[in-house]
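Single-structure report; data block below.
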Amino acid sequence: MPSATNVLDLLARGRELVDPQLRHALDRLDEHTRLVATYHFGWCDEHGRPTGANSGKAIRPGLTLLVAEAVCGSPEPAVPGGVAVELIHNFSLIHDDLMDRDTQRRHRRTVWAIWGDATAVLVGDALACLADEVLAECNSPYAVRAGHALAVATRELIRGQVLDVAFERRDSVSLPECVDMAAGKTSSLLGASAELGAILAGADAATCEAFRTYGWELGLAFQIVDDLLGIWGAPEKTGKPVFSDLRAHKKTLPVVWSLEYGGAHGRELAAWFTETAAPSEDDVRRAAALVEDAGGREWALAEADERVRKAGKALDAAGIAPANRDQLDQLAQFIAERQL
Ligand SMILES: CC(C)=CCC/C(C)=C/CC/C(C)=C/COP(=O)(O)OP(=O)(O)O
């Protein structure tokens with residue numbers, strides 16, 4: 001099995017293929033929008049001076065390229081797909097930061113926090129449009145199919161976010177509702193990232209669907225781990241304060257599971273949510289302990305493993321060579337463990 005370092009190498013190799021076309025796509029933007037987008041991707045500071053900042057893990061384009069390689073032996077035909085999924089992902093991050101009023105992303109100030117709400121809306125919109133352009137112009141016989149798959153996934157991503165926003169105003173959310181929301185927000189785009197790799201590499205419909213399912217299951221594992229990091233993640237890793245999701249009263253998967261199945265600890269947690277409007281440091285510590293005691297953390301870890309297992313099972317139907325299979329299994333395991 002390749003080590004974590006090898007998975008990072010795979011993602012870095014994907015970045016090397018995708019970044020030049022991504023930068024080229026940003027060149028189409030007007031000067032101000034390009035500056036803000038380039039800043040968001042970590043390639044310059046807010047005054048346009050080049051930096052070597054962190055532009056994200058590039059999991060989605062990495063997935064697209066590895067799948068293409070597994071299907072046709074080369075990542076090349078899927079590079080525009082990798083560019084497009086990374087553009088959609090970053091459009092959603094810029095808008096999400098604005099909606100959540102988060103001031104930090106990738107250890108840097110967020111777009112809205114520097115340039116204001118209108119700029120964040122417009123730059124996010126511009127990235128989404130660029131994704132369409134890149135695919136429409138990519139000269140692949142499969143461009144229309146790829147564009148359609150990405151549009152469906154983006155609509156689903158937006159549906160997930162609509163649910164997320166709606167749930168903030170509700171007293172209770174069931175576990176299936178929460179899973180549906182997480183799948184919309186995260187699985188749709190990871191599913192499409194894998195699917196686009198298969199489509200652009202010329203795979204048949206059944207193979208494309210197998211890869212989409214692989215990415216979709218992986219997306220749920222990814223979101224569950226993200227939720228765990230949102231409670232217990234180390235600030236230097238997540239770029240957010242410890243317990244940040246509890247402080248914001250977010251109904252994440254481990255929390256919703258604890259409320260529904262956590263018995264007496266779950267009921268105590270429910271009371272915490274209604275009675276603790278502005279939680280202190282001690283309050284959030286107590287809520288995290290209640291989620292843990294209710295079994296929410298343990299459930300989430302087991303569920304992430306189960307989703308990785310299902311992702312692997314979906315790959316059985318794709319009929320790929322052992323070496324490619326090994327890479328995709330490793331990526332799945334790595335995402336679930338999030339040693340990134
Ligand atoms: C329409 C709309 C606003 C939707 C919002 C959807 C949204 C932000 C979902 C969260 C997905 C997620 C876990 C992102 C972090 O990805 P990552 O850890 O791969 O990020 P990276 O690129 O920084 O590595």
Would a 4.5 Å heavy-atom cut-off, applied to side chains only, mark [X] and [Y] as touching?
X    : Y    : result
D117 : R101 : yes
K250 : D227 : no
L301 : I224 : no
D27  : R23  : no
R307 : W216 : yes
T186 : D226 : no
Q327 : V67  : no
P75  : L17  : yes

Has [X] got more than 12 heavy atoms of other residues, nucleotides or ligands less than 6.0 Å from its [atom1]?
X    : atom1 : result
E133 : CD    : yes
H24  : NE2   : no
N139 : CG    : no

To check you understand the geometry: which heavy-atom pair defines the closest contact between [X] and [Y], and what is its length?
X    : Y    : result
Q223 : A182 : CG-CB, 3.7 Å
T207 : A318 : CG2-O, 4.1 Å
G160 : M181 : O-CG, 3.4 Å
L26  : T38  : CD1-OG1, 3.9 Å
R28  : L130 : CD-CD2, 3.8 Å
G312 : D329 : CA-OD1, 4.4 Å

For this session: Kindly assign one of parallel, tilted or perpendicular to the pair W115 and Y39, based on the angle between their ring planes and the thresholds 30° and 60°.
Result: perpendicular
Exercise. Parallel under 30°, tilted from 30 to 60°, perpendicular over 60°: which one fits the rings of F211 and Y214?
Worked result: perpendicular
Exercise. Does a side chain donor of either N324 or E69 reach within less than 3.5 Å of an acceptor in the other side chain?
Worked result: no
[X]-[Y] co-clustered via ILVMFWY side chain contacts under 4.5 Å:
X    : Y    : answer
I114 : V123 : yes
V134 : F41  : yes
F91  : L35  : yes
I158 : L98  : no
L331 : I320 : yes

When rounded to the nearest 0.5 angstrom, what distance separates [atom1] in [X] from [atom2] in [Y]?
X    : Y    : atom1 : atom2 : result
L228 : T252 : CG    : OG1   : 8.0 Å
L157 : S92  : CG    : OG    : 5.0 Å
L189 : I59  : CG    : CD1   : 11.5 Å
Q104 : S244 : CD    : OG    : 12.0 Å
E306 : K313 : CD    : NZ    : 10.5 Å
N90  : R105 : CG    : CZ    : 8.5 Å

Side chain of [X], backbone of [Y]: donor and acceptor closer than 3.5 Å?
X    : Y    : value
T64  : S193 : yes
S187 : G184 : no
D326 : P322 : no
R34  : L29  : yes
E217 : K310 : no
W112 : D102 : yes
T51  : G42  : yes

Problem set entry | R60 charged N/C atom sitting above F222 aromatic ring, 6.0 Å / 45° | yes
Exercise. When L10 is tested against each of L65, L328, L66 for side-chain contact (heavy atoms from CB on, under 4.5 Å), which residue passes?
Worked result: L66
Exercise. After noting the C-alpha distance and the side-chain angles of L22 and E86, does the key distance pass the side-chain contact (heavy atoms from CB on, under 4.5 Å) rule?
Worked result: CA-CA 8 Å; L22 196 49; E86 192 65 350; 4.0 Å; yes
Exercise. Tell me the salt bridge (Lys or Arg N to Asp or Glu O under 4.0 Å) pairs involving residues 174-195, sequence neighbours left out?
Worked result: R159-D180, D164-K185, R170-E177
For this session: Evaluate the criterion side-chain contact (heavy atoms from CB on, under 4.5 Å) for residue pair V7 and I335; output intermediate values, then yes/no.
Result: CA-CA 10 Å; V7 177; I335 283 174; over 6 Å; no
For this session: Could you check R325 against D316 for side-chain contact (heavy atoms from CB on, under 4.5 Å), going step by step and ending with a plain yes or no?
Result: CA-CA 9 Å; R325 170 70 195 240; D316 293 345; 2.7 Å; yes
For this session: Evaluate the salt bridge (charged side-chain N to carboxylate O under 4.0 Å, His left out) criterion for residues R13 and E16: first the C-alpha distance (whole Å), next the side-chain angles of each, then the deciding distance (0.1 Å), finally the verdict.
Result: CA-CA 5 Å; R13 206 190 60 185; E16 271 170 34; over 6 Å; no
Exercise. What do you reckon, are the aromatic ring centroids of H249 and W272 less than 6.0 Å apart?
Worked result: yes
Problem set entry | Lys/Arg-Asp/Glu bridge criterion (N-O < 4.0 Å) met for E275, R286 | no
For this session: Show your reasoning for whether side-chain contact (heavy atoms from CB on, under 4.5 Å) applies to V291 and W257.
Result: CA-CA 9 Å; V291 176; W257 188 94; over 6 Å; no
For this session: Show the numbers, then the answer: is there a side-chain hydrogen bond (donor to acceptor under 3.5 Å, both in side chains) between E156 and S188?
Result: CA-CA 6 Å; E156 189 53 18; S188 56; 5.9 Å; no
